[in-house]
Amino acid sequence: MIHLKINTRVTELLQISAPVIQAGMVWCSGHRLASAVSNAGGLGLIGAGSMKPDLLREHILACRQETNNPFGVNIPLIRGDVERLIDVVIEQEIGIVFSSAGNPAVHIDRFRAADITVVHVVASVKHALKAEAAGVDAVVAEGFEAGGHNGVDEITTLCLVPQVVDALKIPVIAAGGIADGRGMAAAFALGAEAVQVGTRFAATIESSAHPLYKQAVIMATDSATVLTMKSLNPVRLIRNKFAADAVQRERSGATADELRELLGAKRERRGIFEGDLEEGELEAGQSSGLVHEILPAGLVVRRLVEEFTQAISRMQALASDSPPL
């Protein structure tokens, strides 16, 4: 086994030993997954996007019983009850919040008063600069390869990360399309100081997703996902009947209201948590084609670091064998 100590501004900021963050995915990221990742040296996130405030509190309390290491909470800022979710985070003295889908400037003063480290997810340089100006501690630059909701500009991870790195002074975490150590090494080559991984952790033993959803992820191929609902709120899904219906309606010129009607309520829960493989939203990234087995989350963290080390070693060997420039 190859060992490498990886020290970056992100590992220092979050007080973790491996620069691996588990994304706060709806219906996947409960206390079991978050604590398993944190126990392995990464940062586990409880996904508040599919939780009411009281349930979030329960998961935080359970996570504290399962790990002594740092963990955080992901909060989508567009939630109607976002203030109540923040109340719970402050009440429970959570030290790390990853925010997404909204403007962090609206809530930064509350987070700062509670001494909370804030990391915001962005999909463009413009929004990265706004987040930095608002006072966040780091950003996640997420390319549109990622599962779930994506940026309207459809910027890939390979193009987005280095531009955000060049534009910002605060640390950048790369996300979107990363499922193994090779992707992690590529992200570091682009200037990232950690990676956030979603789909690979969605298909782990500790993920709270339905077993049928996990099987759909590991059976996926390189072309298994589609980006749809672009005129409403772009979302990447594994292809199924619902995704095909959404694509067809968009091509037929459906309005945003018509897409909302198709989406209805609880599509994410129906697909990810309840395992409806035809009519549910099966949110997953393009990296699902790299996920072939359901593993313990701690093993995923260890493999990411080991594969990262191996990838770096291969590149160093190539450089040492090359003639001088």
Quick check: does any side chain N or O of [X] sit under 3.5 Å from a backbone N or O of [Y], one acting as donor and the other as acceptor?
| X | Y | value |
| --- | --- | --- |
| S38 | P70 | yes |
| T8 | E193 | yes |
| R79 | L85 | no |
| S35 | T67 | no |
| R32 | C63 | no |
| S287 | L290 | no |
| Q15 | E12 | yes |
| E206 | A34 | no |
| T204 | A297 | no |
| S288 | A284 | no |

Non-hydrogen side-chain atoms of [X] and [Y] separated by less than 4.5 Å:
| X | Y | result |
| --- | --- | --- |
| L77 | S100 | no |
| E268 | W27 | yes |
| P19 | F188 | yes |
| T11 | S17 | no |
| E278 | D276 | yes |
| F111 | I86 | yes |
| I173 | F98 | yes |
| V136 | V119 | no |

Can you confirm whether [X] is buried at [atom1], in the sense that more than 12 heavy atoms of other residues, nucleotides or ligands lie under 6.0 Å from that atom?
| X | atom1 | answer |
| --- | --- | --- |
| E83 | CD | yes |
| M315 | CE | yes |
| D115 | CG | no |
| N68 | CG | no |
| R84 | CZ | no |
| E154 | CD | yes |

Testing [options] one by one against [X] for a side-chain contact (heavy atoms from CB on, under 4.5 Å), which residue passes?
| X | options | result |
| --- | --- | --- |
| V73 | I96, V89, I116 | V89 |
| E283 | M25, R267, H149 | H149 |
| Q22 | V301, L33, V197 | L33 |

Return the [atom1] to [atom2] distance between [X] and [Y], rounded to the nearest 0.5 Å.
| X | Y | atom1 | atom2 | answer |
| --- | --- | --- | --- | --- |
| I46 | E58 | CD1 | CD | 11.5 Å |
| L259 | E250 | CG | CD | 5.5 Å |
| M219 | L212 | CE | CG | 12.5 Å |
| S99 | H107 | OG | NE2 | 8.5 Å |
| Q163 | L190 | CD | CG | 10.5 Å |
| F71 | H59 | CZ | NE2 | 11.5 Å |

Side chain to side chain contact (heavy atoms under 4.5 Å, CB included) evaluation trace for V195 with I21:
CA-CA 6 Å; V195 294; I21 292 98; over 6 Å; no
What heavy-atom pair brings [X] and [Y] nearest, and what distance separates the two atoms?
| X | Y | result |
| --- | --- | --- |
| V247 | T228 | N-OG1, 3.7 Å |
| P104 | A134 | CG-CB, 4.4 Å |
| I272 | C28 | CG2-SG, 3.7 Å |
| G183 | I178 | C-CG2, 4.0 Å |
| R239 | A243 | CA-CB, 4.1 Å |

Walk me through it: do R236 and E145 pass the test salt bridge (Lys or Arg N to Asp or Glu O under 4.0 Å)?
CA-CA 8 Å; R236 183 171 297 283; E145 299 96 323; over 6 Å; no
Quick one: does NZ or CZ of R182 land under 6.0 Å from the six-membered ring centre of F308, within 45 degrees of the ring axis?
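Judged by the rule (NZ or CZ under 6.0 Å from the ring centre, within 45° of its axis), R182 is not positioned above F308.
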Could you tell me whether D109 and R112 have a side-chain N and a carboxylate O separated by less than 4.0 Å?
no
Between E274 and K266 (salt bridge meaning N to carboxylate O under 4.0 Å), is one present in this structure?
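No salt bridge links E274 with K266.
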Is there a chain of hydrophobic side chains (I, L, V, M, F, W, Y, each step under 4.5 Å between heavy atoms) that links [X] to [Y]?
| X | Y | result |
| --- | --- | --- |
| V152 | L232 | no |
| I312 | I6 | yes |
| L158 | V121 | no |
| I155 | L168 | yes |
| V291 | V305 | no |

Please determine whether salt bridge (Lys or Arg N to Asp or Glu O under 4.0 Å) holds for the pair R269 and E281, giving the CA-CA distance in whole Å, both sets of side-chain angles, and the decisive distance to 0.1 Å.
CA-CA 8 Å; R269 177 187 178 115; E281 271 192 282; over 6 Å; no
Looking only at side chains, do E142 and T157 share a donor and an acceptor under 3.5 Å apart?
no
Can you see whether S252 engages Q248 through a side-chain donor-acceptor pair at a distance of less than 3.5 angstrom?
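On atom types as modelled, these side chains qualify, holding a pair under 3.5 Å.
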D245 and R249: CA distance, side-chain angles, deciding distance, salt bridge (Lys or Arg N to Asp or Glu O under 4.0 Å) verdict:
CA-CA 6 Å; D245 288 346; R249 296 237 188 150; over 6 Å; no
How far apart are the C-alpha atoms of D137 and R9, what are their side-chain angles, what is the distance that settles it, and do they pass the salt bridge (Lys or Arg N to Asp or Glu O under 4.0 Å) test?
CA-CA 10 Å; D137 298 286; R9 288 186 294 171; over 6 Å; no
Take L237 and V235 through the test side chain to side chain contact (heavy atoms under 4.5 Å, CB included) and record every step on the way to the result.
CA-CA 6 Å; L237 309 171; V235 59; 3.7 Å; yes
What verdict does the side chain to side chain contact (heavy atoms under 4.5 Å, CB included) test give for S124 and D153, after you've listed the backbone C-alpha separation in whole Å, the side-chain angles of each residue and the deciding distance to 0.1 Å?
CA-CA 8 Å; S124 69; D153 297 313; 4.2 Å; yes
One pair to check against side chain to side chain contact (heavy atoms under 4.5 Å, CB included): L43 and V20. What are the steps and the verdict?
CA-CA 6 Å; L43 183 76; V20 175; over 6 Å; no
